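Step one of this worksheet: look at the structure below.
Chain letters run A, B, ... following the sequence lines, proteins first and then strands; every chain starts at 1. What you are looking at is a predicted structure, and each value in this text was computed from that prediction instead of being measured.
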Amino acid sequence: MADKAELLVICGPTATGKTALSVALAQRLNGEIVCADSMQIYRGLSVGTAKVTPAEMQGVSHHLVDFLPPETRFSVAEYAELAKKCIADITARGKLPIVVGGTGLYLQSIVKGIDFSQQETNFSLRNQLQERLSKEGVKPLWDELRAADPACAAAIHPNNRVRVLRALELYLQTGKTKAQQLSESLPAERPYRDVLVGLDCAAREALYSRIDARVEEMLARGLLAEARLVFDNRARYVTAAQAIGYKELFPYFEGAAPLASCVAALKQASRNYAKRQLTWFRHMEGMHWFLSGAEDTEDAVVKLFIETCGERKAHGKTLSY
RNA sequence: GGUGCUGUAGCCAAGUGGUAAGGCAGAGGUCUGCAAAACCUCUAUGCGCCAGUUCAAAUCUGGCCAGCACCU
């Protein structure tokens, strides 16, 4: 416990300036960046996912960005494993790992140190359940789950097909209740001496107008061409095709809706997403909130980091504020 | 000036005498293997305004106001 590695985490809803802040902090704290974003992992999907550009990186190393072909299936389990190795590696080189992203599930897996290694995905079982789901509906599956693991079923709304399916799948595969699974995968304490930084705007309206503006910016940077590519490959880009920024434009490519209304839908979807992200981050234990875009945010984060982890030479130079 | 139509939440909208559907937006939330996904909860003491009829009016009657359309 005494020598837990330090970890700086930067999160917040879309369009709050995570990228710029994280690069600045990496330069100041001698850090490297580990991306925690479920869509920026994919190669080629750059404009729509607001991926860091090479110019924005300013020489700072970035990991787990732009490294997977868009047709690859991916999951938190794989992410957690990769991120863990990546963080360990950065730490071993005497640098500070800075995890940056907006995917709550991914962030949580790192911060809590969840161990997903127990079992492989059983695709045949999943497909089998999927078939039952489409034939019988959710209810029978939910009832089955309730009979097997009442506590787990109680926590999942019967309408939530995705979660009911997964919970039942996991039970049938392992024969263990959710509680048992949780206790086996969740360490007693957090693995890192983490400093959690959340970015948000002072007012929700301000956040929303920033998001709208950024969508326009994406359009100007060639979002349409990128979306077209995703549209043309939508059958193969299983996960990537559900990214916000592309699927909203599909009706336009299909000739079913004018571009303007698709853009409006895209902005709307982004705003809704930002709200969901906020819900997640607000409830992460130990979160420190800072104002998006404020000039003193960078200094304030450095100060917080030093206060939490101490002024030391750990990252190649004496940190001072 | 006349005639007609319309007026229900921020937006769309159902409701023709029995105590305000639904959708979107908005707010809050759930979260351990597709998560930028999936799902849940909440949100009109009030139907343009005023008066009247009635046990009961968003619904019927009259007047007024506003918008739209057409006519002169």
Original post:
With no hydrogens and no angle check, is any side-chain donor or acceptor of A:Q40 less than 3.5 Å from a backbone partner on A:D66?
Top reply: no

Original post:
Is a side-chain N or O of A:D149 found less than 3.5 angstrom from the main chain of A:L145, in a donor-acceptor match?
Top reply: no

How many Å lie between [atom1] on [X] and [atom2] on [N], as a whole number?
X	N	atom1	atom2	result
A:I156	B:A38	CD1	C1'	11 Å
A:L165	B:U32	CG	P	14 Å
A:L168	B:G33	CG	C1'	15 Å
A:R271	B:G10	CZ	C1'	13 Å
A:L141	B:A38	CG	P	18 Å
A:L170	B:C31	CG	C1'	14 Å
A:L68	B:C34	CG	C1'	13 Å
A:Q108	B:A35	CD	C1'	11 Å

Sort out the partner of [N] for me: Watson-Crick or G-U wobble, both distances under 3.5 Å, none otherwise.
N	answer
B:C42	B:G26
B:G1	B:C71
B:C31	none
B:A56	none
B:U61	B:A51
B:A21	none
B:U6	B:A66

Phosphate OP1/OP2 of [N]: any [X] side-chain N/O under 4.0 Å:
X	N	value
A:Q277	B:A35	no
A:T103	B:A36	yes
A:R282	B:G29	yes
A:Y208	B:A27	yes

Expressed in whole Å, how much space separates the [atom1] atoms belonging to [N] and [M]?
N	M	atom1	value
B:C24	B:G62	C1'	38 Å
B:A35	B:U30	C1'	12 Å
B:U61	B:A27	P	42 Å
B:U32	B:A37	C1'	15 Å
B:G28	B:G33	C1'	28 Å
B:U19	B:A56	P	15 Å
B:A14	B:U59	C1'	13 Å
B:A21	B:G15	C1'	8 Å

When all nucleic acid strands are considered with a 4.0 Å heavy-atom cut-off, which category describes [X]: base, sugar-phosphate, or nothing?
X	answer
A:N272	sugar-phosphate
A:R166	base
A:T49	base
A:Q268	sugar-phosphate
A:F74	sugar-phosphate

With respect to the side chain of [X], which nucleotide from [options] is positioned closest?
X	options	result
A:R276	B:G26, B:C39, B:A35	B:C39
A:H283	B:A38, B:A36, B:U30	B:U30
A:T279	B:U30, B:A27, B:A36	B:U30

State whether the distance check finds a donor on one side and an acceptor on the other, under 3.5 Å, for side chain [X] versus base [N].
X	N	value
A:R161	B:C39	no
A:K275	B:G28	yes
A:S185	B:U32	yes
A:R163	B:U30	yes

Side chains of [X] and [Y] only: does a donor on one sit below 3.5 Å from an acceptor on the other?
X	Y	answer
A:N127	A:E131	no
A:S75	A:E78	yes
A:N122	A:S124	yes
A:T14	A:R271	no
A:Y246	A:E226	yes
A:E32	A:H63	yes

Original post:
Charged N to carboxylate O below 4.0 Å: is that the case for A:K267 and A:E248?
Top reply: no

Subject >> Cluster link A:L168 to A:I156, ILVMFWY, side chain under 4.5 Å >> reply: yes

**OP:** Would you kindly confirm whether A:V52 and A:L25 end up in one hydrophobic cluster when ILVMFWY residues are joined by side chain heavy atoms under 4.5 Å apart?
**Re:** no

Subject >> Nucleic acid contacts of residues 233-250 of chain A, taken as heavy-atom distances under 4.0 Å to RNA chain B >> reply: A:V238, A:T239, A:Q242, A:A243, A:I244, A:K247

**OP:** Quick one: do A:E169 and A:R166 satisfy salt bridge (Lys or Arg N to Asp or Glu O under 4.0 Å)? Show the steps, please.
**Re:** CA-CA 5 Å; A:E169 174 191 329; A:R166 163 99 276 243; 3.0 Å; yes

**OP:** Measure up the A:Y79 and A:Y106 rings against each other and bin them: parallel (under 30°), tilted (30 to 60°), perpendicular (over 60°).
**Re:** parallel

Produce the list of close N/O pairs, under 3.5 Å, pairing protein atoms with atoms of nucleotides 40-43 of chain B; give distances to one decimal.
| unit_1 | atom_1 | unit_2 | atom_2 | d |
| --- | --- | --- | --- | --- |
| B:C40 | OP1 | A:N159 | ND2 | 2.7 |

Subject >> A:R73 or A:V162, whichever maps to the more 5' nucleotide of RNA chain B >> reply: A:R73

